[in-house]
Amino acid sequence: MSGSTELDAADPLAAFRERFLPAADVAAYLDGNSLGRPLAASVDRVNEVMRTQWAERLIRGWDDGWMDLPTRIGDELGRVALGAASGQTVVGDSTTVLLYKLIRAALDLRPGRTELVIDRDDFPTDRYLVESIAAERGMTVRWIDEGDVTPERVSSVLTERTAVVVVSAIAYRSGFLADLPGITATVHEAGALMLWDLCHSVGVLPHALDDWRVDLAVGCTYKYLNGGPGAPAFAYVNAALRDGFRQPITGWLGSARPFEMGQGYEPGPGMRRVLSGTPPVLGMVGLLDSLALIDEAGLPAIRAKSIALTEYAIALADQLLPDAVLASPRDPARRGSHVTLDHPGFEAIMPRLWERGVIPDFRRPSGIRLGLSPLSTSFAELDLGMRVIAEELAAAR
Ligand SMILES: Cc1ncc(COP(=O)(O)O)c(C=O)c1O
């Protein structure tokens, strides 16, 4: 195995790391899949928006472009990261709220169908929403049980009553990368709609949502898109579905003529109908910098480094942590950009890791999740982090 020095020296994306702000007491940041690092350019941009746009233009800022930011940044996100033509992506709300809106809208696009499908191990917010929407509408949840979500296992729970299937492209715990085009095609054969949760794949994996004929997708922007804590989420609605698309949070800014303040809700044009209330301007402007960075680096190169980082993490785990169990796929083609290792001793050493500036994620009951963000993570930092984890585990025995 090559050492981290050689890997960093040969890394064509190594220089991008300098664009992020450093953290003085952090030796290894291995949690970019939970909260990405800030870009120096975004700090300048937020400052600029506050000083010149907010302070000087005040309420006139809404007419100067703030109102269009959800669709403008959405289109850019669609182009750079999703393989989506313009007019199908919008930024706003949180992933949770957008999931609610899109699942509810999907049910109305498949009238008469009474079943929703989701993976038993999907992220809690996705499961909780599917369960509560099913209860709200008197529908049935059909669960994909045990193990990775493959087209065959999705197929086994589809019926002629399935309305919508919700799956995460990359499983938040194991890092398993689902077959997006394969599962989408399987769901379509059953006449149902496919909704992908792209939280862990956006920004690290090339997507082709239009070509794969994906119906609906959501994702957050604070992980590999480095939008910052609480940065708003995005929604993709395939153009083919948009005209009949009605979502349940019928706020004024998603309506056809918000400033007429008229009676009765009528959905707005294009993707504006997905919106509900005032756009979170300060929370979304930083995305312009991270999307420009991803565009410059190129998603194929980002994916190649993501694979190299996760391969290196697994090789180091095999060598330094032989008692830990790899909970992520060994096959890089089926793996996202994080690696999860299970060991009963991990939970106890987390405070010591933080004290030493090594910051992975911990997922109960016993998983350390190493989130490797290709534009901001170096091989040397990963190497150091893994060695500290091994040292602390040995010291705790
Ligand atoms: C896969 C997945 N879905 C949904 C969410 C929830 O996102 P939010 O808290 O922005 O609503 C997360 C958050 O980490 C996630 O990882």
Side-chain angles (χ1 to χ4, degrees), residues 30-37 70 73-74 77 81-82 89-104 106 116-133 144 148-149 164-178 180 183 194-205 207 214 216-236 247-249 274-277 279-280 282-284 286-287 290 327-328 335-340 359-364 367-373:
L30 306 176
D31 217 349
N33 65 328
S34 199
L35 179 66
R37 303 187 81 130
I73 301 181
L77 199 158
L82 302 180
T89 312
V90 77
V91 175
D93 302 319
S94 62
T95 312
T96 300
V97 172
L98 288 177
L99 268 168
Y100 179 76
K101 292 181 178 182
L102 265 55
I103 297 170
R104 280 284 310 267
L116 298 93
V117 168
I118 190 161
D119 165 27
R120 179 79 67 188
D121 290 330
D122 208 336
F123 191 79
T125 219
D126 304 55
R127 289 184 278 112
Y128 298 162
L129 285 166
V130 164
E131 287 181 290
S132 61
I133 292 170
I144 305 165
D148 301 331
V149 183
V164 60
V165 176
V166 179
V167 179
S168 286
I170 294 176
Y172 80 101
R173 196 173 191 287
S174 70
F176 176 79
L177 166 58
L180 282 92
I183 291 175
M194 184 67 220
L195 195 171
W196 285 104
D197 180 334
L198 305 179
C199 280
H200 288 271
S201 62
V202 67
V204 278
L205 188 79
H207 296 73
V214 166
L216 303 159
V218 295
C220 50
T221 65
Y222 45 75
K223 300 180 190 288
Y224 301 110
L225 292 184
N226 309 95
F234 66 87
Y236 165 91
Q247 55 87 4
I249 306 183
V274 182
L275 299 174
S276 301
L282 291 176
M284 72 169 86
L287 286 172
S290 53
S328 299
R335 193 170 65 224
S337 207
H338 65 268
V339 169
T340 301
I359 309 189
D361 212 60
F362 180 76
R363 282 287 174 269
R364 291 210 153 70
I368 269 191
R369 202 171 63 160
L370 308 163
L372 308 170
S373 192

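FYI, side chains are in, hydrogens and waters are out, and symmetry mates aren't considered; it's all heavy atoms of this structure. Atoms within each ligand, like the ligands themselves, are counted from 1 in listed order. In this text, all values refer to a predicted model and were calculated from it rather than measured experimentally.
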*Asks:* Would you kindly say whether H200 and S168 are connected by a side-chain donor-acceptor distance under 3.5 Å?
*Replies:* no
*Asks:* Write out the residue and atom name of the closest protein heavy atom to atom 8 (P) of ligand 1, then the distance separating them to 0.1 Å.
*Replies:* Y222 OH, 3.4 Å
*Asks:* Which salt bridge (charged side-chain N to carboxylate O under 4.0 Å, His left out) pairs, counting each pair once, include a residue from residues 167-177, with sequence neighbours left out?
*Replies:*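 Listed by first then second residue: R173-D342.
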*Asks:* For L225, is there any backbone N or O sitting under 3.5 Å from a side-chain donor or acceptor partner on S290?
*Replies:* yes
*Asks:* Between D126 and ligand 1, which part of the residue brings a heavy atom under 4.0 Å of the ligand: side chain, backbone, both or neither?
*Replies:*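 The answer is the side chain of D126.
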*Asks:* Is a side-chain donor or acceptor of K101 paired with a backbone partner of V274 at a separation under 3.5 angstrom?
*Replies:* yes
*Asks:* With sequence neighbours excluded, what pairs up with F176 under the ring-ring contact (aromatic ring centres under 6.0 Å, His included) test?
*Replies:*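 With neighbours one apart ignored, the set is empty.
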*Asks:* One residue to check: T95. Relative to ligand 1, which of side chain, backbone, both or neither has a non-hydrogen atom less than 4.0 Å away?
*Replies:*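 For T95, backbone and side-chain atoms both sit under 4.0 Å from ligand 1.
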*Asks:* Which residue and atom name correspond to the protein heavy atom nearest atom 11 (O) of ligand 1, and how close is it?
*Replies:* T96 OG1, 2.5 Å
*Asks:* Looking at T125, which atoms of ligand 1 are within less than 4.0 Å of one of its heavy atoms?
*Replies:*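 Near T125, meaning under 4.0 Å from one of its heavy atoms, ligand 1 has 4 (C), 6 (C).
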*Asks:* Any N or O on S168 sitting closer than 3.5 Å to an N or O of ligand 1?
*Replies:* no
*Asks:* Donor-acceptor pair, distance only, cut-off 3.5 Å: does the side chain of T340 make one with the backbone of R369?
*Replies:*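 Between the backbone of R369 and the side chain of T340 there is no qualifying donor-acceptor contact (under 3.5 Å).
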*Asks:* Does H200, backbone or side chain, put an N or O under 3.5 Å from an N or O of ligand 1?
*Replies:* yes
*Asks:* Hey, does the side chain of S201 reach the backbone of I170 with a donor-acceptor pair shorter than 3.5 angstrom?
*Replies:*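 No; zero donor-acceptor contacts below 3.5 Å.
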*Asks:* To check your reading of the model: name the closest protein heavy atom to atom 6 (C) of ligand 1, its residue, and the distance in Å.
*Replies:* F123 CE2, 3.7 Å
*Asks:* Among all the protein's non-hydrogen atoms, which is closest to atom 14 (O) of ligand 1, and how far away is it?
*Replies:* K223 NZ, 2.9 Å
*Asks:* Students should be able to answer this: which protein heavy-atom is nearest to atom 3 (N) of ligand 1, and at what distance?
*Replies:* D197 OD2, 2.7 Å
